[in-house]
Amino acid sequence: MPLSPGHLLLCPRAHRPKLTDVTPAESAELGKYLRVLSTAVSRATGIKDWNVVQNNGAAAAQVVPHCHFHVIPRPELRDKRNERFTSTMFGRGQRDELDDEEGEKLAGEIRERVREVVGEDEEQERGAKL
């Protein structure tokens, strides 16, 4: 149940309960892809502001015992249509289920933007090596 359209999770493939359990190599990969996914989600949704949230342990509101990062697009808060989003961000309010059809369309758009960003990164790396 996403907080906003485009809300996604990034986690290591190996089971790591907390960020402190992630290896240095996994940490570097997560950092790399947080930037890629943030850029892709921003382009796909048109929302230019977002949160990256990561909780460690029950007292820190970690519900699933597997390290993961939330990338959460933040729609314009002054827009009265988004008042529910503001209160839902930190556990208050009610979330809406994602419509399957809309979710599939947005996921496809995000995947396309990921390919675009990764391609741009590869091109930039090739240019830097010259």
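Only heavy atoms go into these numbers, but all of them, side chains included; no hydrogens, no water, no symmetry mates. Throughout, numbering of the chain's residues begins at 1 and tracks the sequence.
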* Asked: So V22 and T20, side-chain contact (heavy atoms from CB on, under 4.5 Å) or not? Walk me through it.
  -> CA-CA 6 Å; V22 172; T20 51; over 6 Å; no
* Kindly determine whether H70 and N51 satisfy side-chain contact (heavy atoms from CB on, under 4.5 Å), including the steps that lead there. => CA-CA 8 Å; H70 296 258; N51 291 100; over 6 Å; no
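H68 places a side-chain N or O within 3.5 Å of a backbone atom of H66 that can act as its donor or acceptor partner.
For H15 against P17, the heavy-atom pair with the smallest separation is NE2-CG, 3.6 Å. When all heavy atoms of A40 and V117 are compared, the pair lying nearest together is N-CG2, 4.3 Å. Heavy atoms only, all atoms of each residue included: C67 and C11 are closest at O-CB, 3.1 Å.
Side-chain contact between I110 and R43 is absent, with no heavy-atom pair separated by less than 4.5 Å. Considering only heavy atoms from C-beta on, P5 stays 4.5 Å or farther from H7 through its side chain. Under the 4.5 Å side-chain criterion, counting only non-hydrogen atoms from C-beta, I47 is not in contact with S4. Contact check for F69 versus L19: side-chain heavy atoms found under the 4.5 Å cut-off.
Side chains of S42 and W50: a donor-acceptor N/O pair is absent below 3.5 angstrom, by distance only.
Both V71 and L106 are members of a single hydrophobic cluster when ILVMFWY side chains are connected at heavy-atom separations under 4.5 Å. V41 and L30 fall within the same hydrophobic cluster, where Ile, Leu, Val, Met, Phe, Trp and Tyr residues are linked whenever their side-chain heavy atoms come under 4.5 Å apart, directly or through other members. Under the 4.5 Å side-chain heavy-atom criterion for grouping Ile, Leu, Val, Met, Phe, Trp and Tyr, L9 is not connected to V53 through any hydrophobic cluster.
Here CZ of R113 is found 9.0 Å from CZ of R115. Values are rounded to the nearest 0.5 Å. In this structure, CG on L10 lies 12.0 Å from NZ on K32, to the nearest 0.5 angstrom.
Classification of D121 and R35 as a salt-bridged pair holds, one side-chain N sitting under 4.0 Å from a carboxylate O.
Within the structure, the salt bridge (Lys or Arg N to Asp or Glu O under 4.0 Å) test picks out the following pairs touching residues 18-29 (sequence neighbours left out): R16-E26.
No more than 12 heavy atoms of other residues, nucleotides or ligands shown are found within 6.0 angstrom of NZ on K105.
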